[in-house]
Amino acid sequence: VSARAARKQEDRRFLVRLAVAGACAANVMLLFLALYAGLFADIEREFESMFRWLSMAMGMLCLLWPGQEFFKNAWHSIRSRTPHLDLPISIALAVGGLCGTINVIRGEGHVYFDSLAGLVFLLLVGRWIQRRQQRWAADAVELLFSLTPTSTRRVTPSGEIEEVSIQSVQRGDVLEVRAGDSIPADGKIVLGESQVDESLLTGESRPVRVRTGDR
């Protein structure tokens with residue numbers, strides 16, 4: 001339960017960073033829309049400077065908070081000497097942010113914070129989809145292990161019932177499966193009949209009737 005709660009809390013933090021990245025990207029693009037429109041409408045110098053500084057502030061916020069995941073992963077990859085995709089992504093974000101900041105301070109040249117904020121947002125969206133797929137696969141494996149019994153009842157040659165672990169079951173053993181039990185191993189029914197839920201294997205929602213001789 002604690003592990004599941006920790007995963008939920010981690011997902012909430014990730015969604016908060018994703019929302020911040022989306023808000024920053026949207027606002028920076030609006031500022032750049034005004035800047036691009038000002039190229040054809042002779043925007044006043046003080047407004048242009050204000051829009052550039054605001055775009056830098058929100059762009060750096062996007063890089064340093066939501067985008068910190070890429071920088072942390074890149075740093076870990078450098079320390080462990082196992083480079084991966086986050087390393088070139090972090091280099092591109094850092095170089096773009098540095099060049100954009102220099103151009104804002106100089107008051108001339110192109111600033112790249114609209115592209116950087118949009119890139120961080122799109123990368124985080126892709127990372128979120130990847131996390132959800134991995135979480136779904138992990139939950140499916142966890143469910144499979146939870147449905148697998150750890151012990152079973154073995155019928156001895158004298159007819160007595162003994163409880164043994166799954167690992168000790170061998171070919172030729174006769175196992176007792178009672179109503180409501182999970183079937184511990186593949187085999188053939190030597191006595192009795194019942195209905196078995198095979199939905200995990202076949203997807204069929206209705207129980208299947210089995211009898212002596214069925215596998």
Side-chain angles (χ1 to χ4, degrees), residues 1-38 43 46-107 109-147:
V1 178
S2 59
R4 187 177 296 274
R7 288 199 300 266
K8 288 184 177 179
Q9 187 175 4
E10 183 182 354
D11 287 344
R12 290 194 195 98
R13 289 197 295 265
F14 192 95
L15 286 175
V16 169
R17 293 198 298 269
L18 181 60
V20 171
C24 289
N27 284 281
V28 171
M29 289 179 182
L30 286 175
L31 290 172
F32 270 81
L33 183 62
L35 287 172
Y36 292 143
I43 186 173
E46 58 268 22
F47 288 113
E48 179 184 3
S49 178
M50 181 183 67
F51 288 157
R52 289 165 68 94
W53 280 94
L54 285 175
S55 67
M56 185 189 74
M58 284 188 286
M60 293 303 295
L61 173 64
C62 187
L63 290 178
L64 296 178
W65 185 9
Q68 67 176 309
E69 175 171 344
F70 305 108
F71 294 108
K72 286 182 178 179
N73 293 338
W75 175 244
H76 292 324
S77 72
I78 293 174
R79 294 186 61 184
S80 61
R81 297 182 180 179
T82 54
H84 49 71
L85 187 59
D86 284 345
L87 183 57
I89 289 175
S90 299
I91 293 174
L93 293 176
V95 171
L98 179 62
C99 293
T101 300
I102 293 174
N103 289 339
V104 168
I105 295 174
R106 291 172 56 214
H110 188 74
V111 288
Y112 308 97
F113 294 109
D114 56 337
S115 302
L116 294 175
L119 180 61
V120 170
F121 174 67
L122 293 177
L123 288 173
L124 288 178
V125 169
R127 192 64 56 87
W128 171 252
I129 296 174
Q130 179 186 8
R131 286 165 62 97
R132 295 300 297 175
Q133 292 296 325
Q134 291 175 343
R135 187 66 50 78
W136 179 84
D139 289 343
V141 172
E142 184 179 349
L143 174 61
L144 181 62
F145 277 110
S146 68
L147 294 175

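Note: hydrogens, waters and symmetry copies are ignored here, and every other heavy atom, side chains too, is used.
What you find for Leu116 and Gly97 is that their closest heavy atoms are CD1-N, 3.3 Å. Among all heavy-atom pairs drawn from Ala25 and Phe121, the shortest one is CB-CB, 4.3 Å. Shown here for Phe71 and Leu63, the closest heavy-atom pair between the two residues is CE1-O, 3.6 Å. The shortest non-hydrogen separation linking Val120 to Ala21 is CG1-CB, 4.3 Å. Of all the heavy atoms in Gly59 and Val28, the pair that sits closest is N-CG2, 4.0 Å. Counting all heavy atoms, side chain and backbone alike, Leu61 lies closest to Pro66 at O-CD, 3.4 Å.
Remark: Arg13 pairs with no residue by the salt bridge (Lys or Arg N to Asp or Glu O under 4.0 Å) rule, at least two apart or across chains.
The cationic atom of Arg131 (NZ for Lys, CZ for Arg) lies less than 6.0 Å from the six-membered ring centre of Phe14 and within 45° of the ring axis.
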Arg135 vs Asp11, salt bridge (Lys or Arg N to Asp or Glu O under 4.0 Å): CA-CA, chis, key distance, verdict: CA-CA 11 Å; Arg135 187 66 50 78; Asp11 287 344; 2.9 Å; yes

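Atom CG of Leu54 and atom CZ of Phe113 lie 12.0 Å apart (nearest 0.5 Å). Taking CZ of Arg127 as the reference point, atom CG of Asp86 lies at 4.5 Å (rounded to 0.5 Å). Rounded to the nearest 0.5 Å, atoms CD (Gln68) and CH2 (Trp75) are 15.5 Å apart. The distance from the CG atom of Asp139 to the CD atom of Gln134 is 12.0 Å, given to the nearest 0.5 Å. Interatomic distance, Trp65 CH2 to Met60 CE, rounded to the nearest 0.5 Å: 15.5 Å. Note that CZ of Arg17 and CH2 of Trp128 are 10.5 Å apart. Values are rounded to the nearest 0.5 Å.
Checked by atom type and distance alone, the side chain of Ser55 pairs as donor or acceptor with a backbone atom of Arg52 at under 3.5 Å. Counting only distance, with no hydrogens or angles, the side chain of Ser90 and the backbone of Phe70 share a donor-acceptor pair below 3.5 Å.
Thr101 has its side chain within reach of Ile105: a pair of non-hydrogen atoms, C-beta onward, lies under 4.5 Å apart.
In this pair, Tyr112 and His110 present their aromatic rings perpendicular. The plane angle is above 60°, beyond the 30 to 60° band.
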